[in-house]
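Sharing a structure, written as structure tokens. Questions coming.
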Amino acid sequence: MAEKRDYYEVLGLTKSASKDEIKSAYRRLAKKYHPDLNKEPGAADKFKEVQEAYDVLYDDNKRAQYDQFGHAAFQQGGSTGGGPFGGGFSGAGFGDMDLGDIFSSFFGGGGRRSRPTGPQKGDNQITRIRISFMDAVNGTKVSIPITYDEPCPHCHGTGAESGSDIGTCPHCGGVGAVKTQQRTIFGVMESSTVCPHCGGSGKVVRNKCHQCGGKGYSRVRKDLTVNIPAGINAGQQVRVQGKGGRGINGGPNGDLYVEVLVAEHPDFRRDGNDIHVDIPLSFVDCALGTTVTVPTVYGEVEVRIPEGTQPDAILKIKDRGIKDLHTQRPGNQYVHVKVKTPTNLTRAQRKLLEEFAAQTDKSDSIFAKWKKGFKK
């Protein structure tokens with residue numbers, strides 16, 4: 001037989017530990033090694049060891065005997081002390097007790113929880129749609145085929161022909177749950193399960209609704225029109241009330257959330273409520289300056305390109321971005337200048353450029369200035 005460990009060592013305490021410290025250590029270790037919570041090999045043995053140590057050290061008389069004589073003080077008899085959960089844990093088992101109360105004590109619960117039997121709203125559901133970039137900017141309407149359970153218009157989801165046809169379940173007394181007992185190696189365990197006769201509602205229907213046959217709902221297939229507001233962004237959702245999961249015990253349906261996926265635009269890029277677009281310009285237009293007509297999400301706008309505009313310059317067009325979904329305040333559009341070098345020059349164009357190059361002092365060229373300031 002293996003030698004028993006010191007009880008103080010089992011609980012991780014010193015001999016000067018107070019009763020509160022003993023109780024706290026026991027709760028922590030009992031939760032850690034409880035066989036219903038820890039399935040590792042040896043957990044049950046450790047749990048029994050912790051229980052035995054607590055039974056002795058929490059009892060003032062037994063603790064005094066143990067401190068004086070050690071394990072020899074109890075060789076002729078077993079300990080029968082009680083645990084701090086109030087039910088009286090013993091070396092032989094748990095006795096007759098409700099497992100729900102034990103677990104509630106382990107995890108800091110406040111007593112038993114009863115199963116709700118009144119009307120409950122159904123679960124919310126989600127579906128996804130894809131729209132074009134411009135539909136997200138301007139708003140649109142989409143038609144979505146959906147299938148959902150609609151509360152019966154006659155019984156309003158109760159499944160009864162009339163209100164007087166609804167009674168209390170005689171098997172659970174309206175609680176919606178029944179207790180069951182099971183004998184295990186730890187004693188008789190009592191737990192609660194959903195009442196099989198009323199399905200947890202706590203009610204029974206004496207006369208079923210003639211329209212839905214007692215189901216309380218009807219299966220509906222339809223095309224749902226959803227309004228997509230202007231300015232919606234990718235990943236945002238539109239809520240459609242009452243088109244989600246079926247309610248319980250006559251409760252309302254949950255809601256349907258339509259998540260919007262937005263296709264990319266070949267030219268426009270969105271950043272929040274701002275729009276970005278690249279425009280190609282020749283180096284001549286950038287050098288001399290010009291005026292161009294730039295497309296925006298709300299039509300075309302004339303934009304002045306200043307003289308000497310550099311490649312990748314960014315010009316702002318105020319209030320030509322997307323209108324905010326809530327405030328309707330528009331963002332801005334940013335124009336990114338992309339300088340393009342011509343590849344097929346005419347003879348006349350080439351001659352003009354050669355004349356321009358001939359009049360440029362190579363020692364004072366853009367490259368020469370950069371090279372002069374280059375640092376190794």
Between D67 and K15, is there a salt bridge with N-O shorter than 4.0 Å?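 Salt bridge absent between K15 and D67.
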
Give the intermediate values and the outcome of side chain to side chain contact (heavy atoms under 4.5 Å, CB included) for residues L256 and N124. CA-CA 6 Å; L256 176 66; N124 294 331; over 6 Å; no

Assess the residue pair Y298 and D319 against the criterion (side chain to side chain donor-acceptor pair (under 3.5 Å)); give the C-alpha distance rounded to whole Å, side-chain angles, the decisive distance to 0.1 Å, and a yes or no. CA-CA 10 Å; Y298 299 118; D319 295 338; over 6 Å; no

Atom NZ of K222 and atom OG of S143: how far apart are they, to the nearest 0.5 Å?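 Reported to 0.5 Å precision, the distance equals 10.5 Å.
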
Tell me whether R206 is salt-bridged to D165, with the criterion being a basic N under 4.0 Å from an acidic carboxylate O.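 Salt bridge: no.
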
Please determine whether a side-chain nitrogen of the Lys or Arg among D312 and K338 lies less than 4.0 Å from a carboxylate oxygen of the Asp or Glu.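 Salt bridge flag = yes for K338 with D312.
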
Does atom CD (Q328) have a neighbourhood of more than 12 heavy atoms from anything else shown, all under 6.0 Å?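 Yes, because the 6.0 Å sphere around CD of Q328 holds more than 12 heavy atoms from other groups.
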
Using the test side-chain contact (heavy atoms from CB on, under 4.5 Å), find all partners of P342 that sit at least two apart in sequence or belong to another chain.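 Partners of P342 by the side-chain contact (heavy atoms from CB on, under 4.5 Å) criterion, ordered by chain and then number, come out as F283, L345.
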
Taking E49 for its side chain and D45 for its backbone only, find out whether a donor-acceptor pair lies under 3.5 Å.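 Looks like no, no N/O pair under 3.5 Å.
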
Cluster check V240, Y257: I/L/V/M/F/W/Y, side chain < 4.5 angstrom: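 No; tracing contacts between hydrophobic side chains, which count when under 4.5 Å, never links both residues.
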
Flag, side chain of N332 to backbone of D274, donor-acceptor distance under 3.5 Å: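 Looks like no, no N/O pair under 3.5 Å.
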
Residues which pass side chain to side chain donor-acceptor pair (under 3.5 Å) with S132, listed by chain and number, not counting sequence neighbours: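 Scan of S132 (side chain to side chain donor-acceptor pair (under 3.5 Å), adjacent residues dropped) gives D135.
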
Side chains of D55 and Q51: do they bring a donor and an acceptor to under 3.5 Å?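 Q51 and D55 do have a side-chain donor-acceptor pair below 3.5 Å.
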
Hey, is NZ on K208 packed in by over 12 heavy atoms from elsewhere, all under 6.0 Å?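 It does not: K208 NZ has 12 such atoms or fewer within range.
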
Using a 4.5 Å cut-off on heavy atoms from C-beta on, say whether the side chain of K215 contacts that of R246.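 Counting from C-beta outward, R246 and K215 never come under 4.5 Å.
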
Quick check: are there more than 12 heavy atoms from other residues, nucleotides or ligands sitting under 6.0 Å from CD of E300?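 Buried by this count: over 12 neighbours within 6.0 Å.
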
Does the plane of the ring in Y54 sit parallel, tilted or perpendicular to the ring in Y58? Use 30° and 60° as the thresholds.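 The arrangement is parallel - the two ring planes meet at less than 30°.
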
Exam field: side chain E161 to backbone H210, donor-acceptor pair closer than 3.5 Å: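 Between the backbone of H210 and the side chain of E161 there is a qualifying donor-acceptor contact (under 3.5 Å).
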
Between H34 and F47, how do the two ring planes meet: parallel, tilted or perpendicular, split at 30° and 60°?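 Plane angle over 60°, so perpendicular.
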
Can you tell me if NZ on K141 sees more than 12 non-hydrogen neighbours from other groups inside 6.0 Å?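 Count not over threshold, so no.
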
For the residue pair G231 and L325, what are the closest heavy atoms and their distance?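 What the structure gives for the nearest pair is C-CD1, 4.2 Å.
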
With distance as the sole test, does Q359 use its side chain to make a donor-acceptor pair with the main-chain N or O of F356 at under 3.5 Å?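 Checking the backbone N and O of F356 against the side chain of Q359, no donor-acceptor pair under 3.5 Å is found.
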
Minimum heavy-atom separation for G321 and I275, please, with both atom names.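 So the minimum-distance heavy-atom pair works out to CA-CG1, 4.2 Å.
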
Should D60 and K19 be marked as a side chain to side chain contact (heavy atoms under 4.5 Å, CB included) after you check the CA-CA gap, both sets of side-chain angles, and the distance that decides it? CA-CA 9 Å; D60 292 336; K19 295 193 71 170; 3.8 Å; yes

Could you pull out all residues at least two apart from K351 that satisfy side-chain contact (heavy atoms from CB on, under 4.5 Å)?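 Per chain and number, K351 pairs via side-chain contact (heavy atoms from CB on, under 4.5 Å) with E355.
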
Are Y7 and E52 close enough, and set up right, to give a side chain to side chain donor-acceptor pair (under 3.5 Å), and what steps lead you there? CA-CA 8 Å; Y7 287 149; E52 183 178 328; 2.5 Å; yes

Within the distance-only criterion (no hydrogens, no angle test), does the side chain of T327 pair as donor or acceptor with the backbone N or O of D324 below 3.5 angstrom?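 Side chain of T327 to backbone of D324, a donor-acceptor pair under 3.5 Å: no, none is there.
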
Quick one: does R270's side chain have a donor or acceptor within less than 3.5 Å of a partner on G272's backbone?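 Indeed, once roles are kept as given, a pair shorter than 3.5 Å links the two residues.
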
Any chance the side chains of D6 and Y66 put a donor and an acceptor closer than 3.5 Å?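 Result is yes, a qualifying pair exists.
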
